[in-house]
Amino acid sequence: MKITLKDGSVKEFAESKSVYEIALDISEGLARAACCGKIDGETVDLRTVVDRDCELSICTANDAEGLAALRHTTSHVLAEAVKNLFPDAKLAIGPSIDTGFYYDFDHAPFSREDLDALEAEMKKIIKKAAKLEKFTMSREEAVKFMEERQEPYKVELIQDLPEDAEISFYSQGDFVDLCAGPHLLSTKNIKAFKLTSSSMAYWRGDSDKARLQRIYGTAYNKKEELAEHLERMEDAKRRDHNKLGREMELFTTVDVIGQGLPLFTPKGTKMLMKLQRWIEDLEDKEWGYVRTKTPLMAKSDLYKMSGHWDHYKEGMFVLGDEEKDKEVYALRPMTCPFQYYVYKNTQKSYRDLPYRMSETSTLFRAEDSGEMHGLTRVRQFTITEGHLVVRPDQMVEEFKGCIALAKYCLTTLGVEEDVTYHLSKWDPDNRAKYIGEPEVWNQTEQHIREILTELDIPFVEDVGEAAFYGPKVDINAKNVYGKEDTMITIQWDALLAEQFDMYYVDQNGDKVRPYIIHRTSMGCYERTLAWLIEKYAGKFPTWLCPEQVRVLPISEKYEAYAGKVLDALRAKDIDATVDNRSEKIGFKIREARLAKIPYMLVVGQQEEEQGLVSVRSRFAGDEGQKPLQGFMEQICEEIRTKEIRKEIVPEESK
């Protein structure tokens with residue numbers, strides 16, 4: 001058989017060999033470093049036998065697939081350690097993830113001391129250098145095997161597999177776990193790991209099922225790589241918007257109000273207002289949108305027409321009972337059907353299209369309590385929502401325009417390099433989830449594919465992530481912990497106009513169904529604010545800051561001049577305050593720096609006599625004395641252009 005390797009070279013073998021044996025034939029060093037393989041693009045175990053011509057890659061911990069195998073094996077070592085120290089714990093699942101691995105257990109909560117003890121036990125297990133052996137059983141045998149070991153969650157997983165399935169297990173010494181692999185050949189190849197945290201998790205992500213305890217960890221091939229990762233995680237904790245946003249007094253939550261219902265303080269509200277005014281002016285004055293304002297709720301009849309009642313009801317807050325009440329209402333999870341009736345309010349001709357509607361929409365979604373986090377996933381949120389009603393011949397160019405607007409917003413916010421583009425497609429194997437015929441879905445998906453290719457935008461395709469009425473472009477970003485969320489979405493809809501009897505009159509006087517684009521320009525305000533908090537670690541661009549300038553008189557003698565400076569700044573719509581506390585100027589500067597204020601204006605005798613201000617900034621430290629008028633012109637231009645000014649001196653020098 002002929003094996004084509006990653007570098008294009010070909011090796012020939014007279015008989016079948018495992019992936020590991022082929023790696024060993026190439027070099028002993030490669031075999032020692034090997035974690036798994038890829039046969040014709042499919043990730044496989046090192047023990048997998050190759051018996052045909054194929055393309056083969058040997059994956060080490062430097063490859064994503066190899067690192068995942070290393071981490072997956074480490075999760076099994078964790079499971080063995082838990083069973084050694086806490087024999088009554090029941091095993092659930094333990095996959096590798098982007099940042100490491102986790103394993104879920106039915107057990108009491110684990111403390112940090114427990115994690116430290118488990119790390120010590122894992123080191124003992126690794127030191128034994130047990131080989132990982134793979135074996136299989138029939139489904140019936142596997143169920144009995146796990147029942148005897150009193151592992152009910154494993155039994156449930158096995159019972160969900162087809163009756164004729166061959167079930168695979170891996171053993172390491174006396175410990176055995178249900179697993180499809182791939183895994184390392186021995187625990188001795190685990191070089192560097194750390195258990196990072198523990199939390200509650202629901203079995204299979206269902207809040208109606210058992211509450212489990214999840215232990216998170218990570219693993220790398222080298223201690224230096226682990227140290228770098230742990231340093232990044234510490235930085236992530238410092239940037240975590242859920243922590244930093246509260247410390248900066250931007251938002252809070254209150255138990256008696258409810259989970260996923262944040263309260264925005266004056267500072268956070270100021271930031272949201274700046275974002276909203278920017279987006280509304282941008283859309284209305286520069287991109288040709290008309291603005292609407294529609295109700296926060298509607299009768300169930302509306303959602304039945306749109307299809308949301310059948311396809312999205314479980315995610316809605318329903319007000320009333322269909323069996324008891326004459327009319328049942330629901331808080332809106334989207335704005336589209338409301339805006340359709342704005343469009344239908346007057347008859348439109350082909351000359352009136354495209355008709356671009358936008359709304360600063362407050363929406364409501366019944367998120368599961370286990371899914372909510374800070375501002376990124378909440379039950380009430382506000383979104384830059386819009387719907388474009390277009391002629392079919394306008395669809396492609398208008399879709400491109402929506403992408404261009406989204407990219408402009410990302411660039412202005414300074415996050416354009418942090419996103420990935422996804423073509424979210426339907427799943428033809430799950431027809432019940434979608435409306436419309438396959439040919440419509442295939443055509444619209446191809447249109448989007450061609451648009452992204454023409455615009456030279458790299459993208460991945462995600463099956464099953466489309467809205468029930470059409471495919472979409474999702475623009476995603478990861479938070480500081482590596483979890484990916486959708487920030488902006490642009491959806492192609494060739495179906496709902498029919499359900500709402502929407503039409504325009506064409507050149508011949510005939511009624512024609514339009515197409516619809518559902519889109520956001522910046523996305524959800526709450527999620528965007530969380531993103532910006534983490535991106536900038538609270539040091540926002542000046543135009544976004546709730547407090548842009550703080551005036552610092554060096555003593556009470558100069559409070560009057562500080563007041564004049566404040567009045568002049570506010571007259572130019574600069575958000576400024578004065579610190580008139582009876583504190584030393586060094587203390588005031590430190591306080592302002594800790595508050596992440598972009599500019600501090602120190603004023604004393606010389607400044608008052610000459611109409612100056614001594615400027616200290618987050619960006620360059622001590623910028624020296626400047627005429628007040630000159631400083632105001634500088635900062636007004638920075639705010640007007642939404643400049644993202646970079647720091648050019650170390651923090652300690654400021």
Side-chain angles (χ1 to χ4, degrees), residues 235 238-239 244 247-250 267 270-271 274-275 278 411-418 531-555 558 561-562 564-581 583-654:
D235 182 59
R238 290 190 290 269
R239 290 173 178 267
L244 185 55
E247 292 174 352
M248 295 183 69
E249 299 179 4
L250 300 179
K267 291 180 181 179
K270 173 80 75 171
M271 293 188 69
K274 291 183 178 188
L275 288 169
W278 166 53
T411 300
T412 302
L413 293 173
V415 294
E416 72 282 0
E417 295 181 356
D418 303 333
W531 190 12
L532 295 173
I533 292 170
E534 295 185 351
K535 166 74 175 181
Y536 293 106
K539 296 180 179 180
F540 307 108
T542 301
W543 74 275
L544 265 178
C545 288
E547 184 180 355
Q548 295 162 331
V549 179
R550 185 174 292 182
V551 185
L552 309 177
I554 62 174
S555 73
Y558 306 106
Y561 179 59
K564 291 180 181 179
V565 171
L566 179 67
D567 291 342
L569 293 167
R570 288 181 170 174
K572 295 291 186 180
D573 292 327
I574 300 166
D575 290 312
T577 62
V578 171
D579 186 347
N580 280 328
R581 293 177 297 169
E583 300 285 356
K584 293 181 178 180
I585 190 64
F587 178 83
K588 291 182 180 181
I589 291 172
R590 286 193 297 274
E591 288 276 291
R593 192 172 68 240
L594 290 172
K596 300 174 173 54
I597 311 300
Y599 292 96
M600 296 155 269
L601 303 183
V602 180
V603 295
Q605 180 178 351
Q606 189 178 38
E607 287 80 12
E608 182 176 24
E609 290 174 350
Q610 300 180 30
L612 303 173
V613 289
S614 289
V615 181
R616 295 184 67 88
S617 75
R618 267 194 351 229
F619 316 105
D622 188 348
E623 297 191 16
Q625 290 181 328
K626 297 182 181 181
L628 175 58
Q629 184 62 34
F631 170 77
M632 290 194 298
E633 290 174 359
Q634 169 197 322
I635 191 174
C636 285
E637 180 66 8
E638 183 181 335
I639 292 169
R640 184 190 69 79
T641 61
K642 298 178 175 57
E643 178 186 354
I644 301 174
R645 194 176 174 194
K646 304 296 185 182
E647 295 187 13
I648 58 175
V649 296
E651 180 72 28
E652 58 270 16
S653 302
K654 299 176 184 176

Anything under 3.5 Å between a donor and an acceptor, one on a side chain of residues 542-552, the other on a protein residue two or more places apart or in another chain? List them.
residue : atom : partner : partner atom : Å
Thr542  : OG1  : Glu638  : OE2          : 2.5
Glu547  : OE1  : Arg550  : NH2          : 3.0
Glu547  : OE2  : Arg550  : NE           : 2.8
Glu547  : OE2  : Arg550  : NH2          : 3.4
Glu547  : OE2  : Thr577  : OG1          : 2.4
Gln548  : OE1  : Asp575  : N            : 2.8
Gln548  : NE2  : Thr542  : O            : 3.0

Less than 4.5 Å apart, any side-chain heavy atom of Val602 and any of Glu607? no
Assess the side chains of Gln606 and Gln625: does a donor N or O sit below 3.5 Å from an acceptor N or O? yes
CG of Leu566 to CG of Asn580, rounded to nearest 0.5 Å, is 9.0 Å
Atom CD of Glu637: over 12 foreign heavy atoms under 6.0 Å: yes
Is Lys596 atom NZ crowded by more than 12 heavy atoms from other residues, nucleotides or ligands, each under 6.0 Å away? yes
Between Met248 and Lys267, what is the shortest heavy-atom contact and its length? O-CD, 3.6 Å
Interatomic distance, CD1@Ile597 vs OG@Ser617, rounded to 0.5 Å, equals 12.5 Å
Salt-bridged, Glu591 to Lys588, with N to O below 4.0 Å? no
May I ask you to decide if Phe540's main-chain N or O and Arg618's side chain share a donor-acceptor pair within less than 3.5 Å? yes
Quick one, Tyr536 with Leu244, criterion side chain to side chain contact (heavy atoms under 4.5 Å, CB included). Give me CA distance, side-chain angles, the key distance, then yes/no. CA-CA 11 Å; Tyr536 293 106; Leu244 185 55; over 6 Å; no
Are Lys564 and Asp567 within salt-bridge range, i.e. N to O under 4.0 Å? no
For the residue pair Met632 and Leu569, establish whether any side-chain heavy-atom pair is separated by less than 4.5 Å. yes
Within this structure, what is the CD-CD1 distance for the pair Glu583 and Ile554, rounded to the nearest 0.5 Å? 15.0 Å
At their closest point, which heavy atom of Val603 faces which heavy atom of Tyr558, and how far apart are they? O-CB, 4.1 Å
For Arg570, which residues count as a salt bridge (charged side-chain N to carboxylate O under 4.0 Å, His left out) partner, sequence neighbours excluded? none
Atom pair NZ (Lys584) and CD1 (Ile589), whose distance is rounded to the nearest 0.5 Å: 13.0 Å
Interatomic distance, CD@Glu623 vs CZ@Phe631, rounded to 0.5 Å, equals 8.0 Å
Side-chain heavy atoms of Pro553 within contact of Tyr561, under 4.5 Å: no
Would you check if Pro541 and Lys642 make a side-chain contact, meaning some heavy-atom pair closer than 4.5 Å? no
Ignoring hydrogens, what is the shortest heavy-atom contact between Ile644 and Thr412? Give both atom names and the distance. CD1-O, 3.7 Å
Using atom types as modelled and distance alone, determine if a side-chain donor or acceptor of Arg239 lies under 3.5 Å from a backbone N or O of Lys535. yes
Do Leu532 and Val415 have side chains that approach each other closer than 4.5 Å (heavy atoms only, starting at C-beta)? yes
Nearest 0.5 angstrom please: Lys539 NZ to Ile533 CD1, how far? 15.0 Å
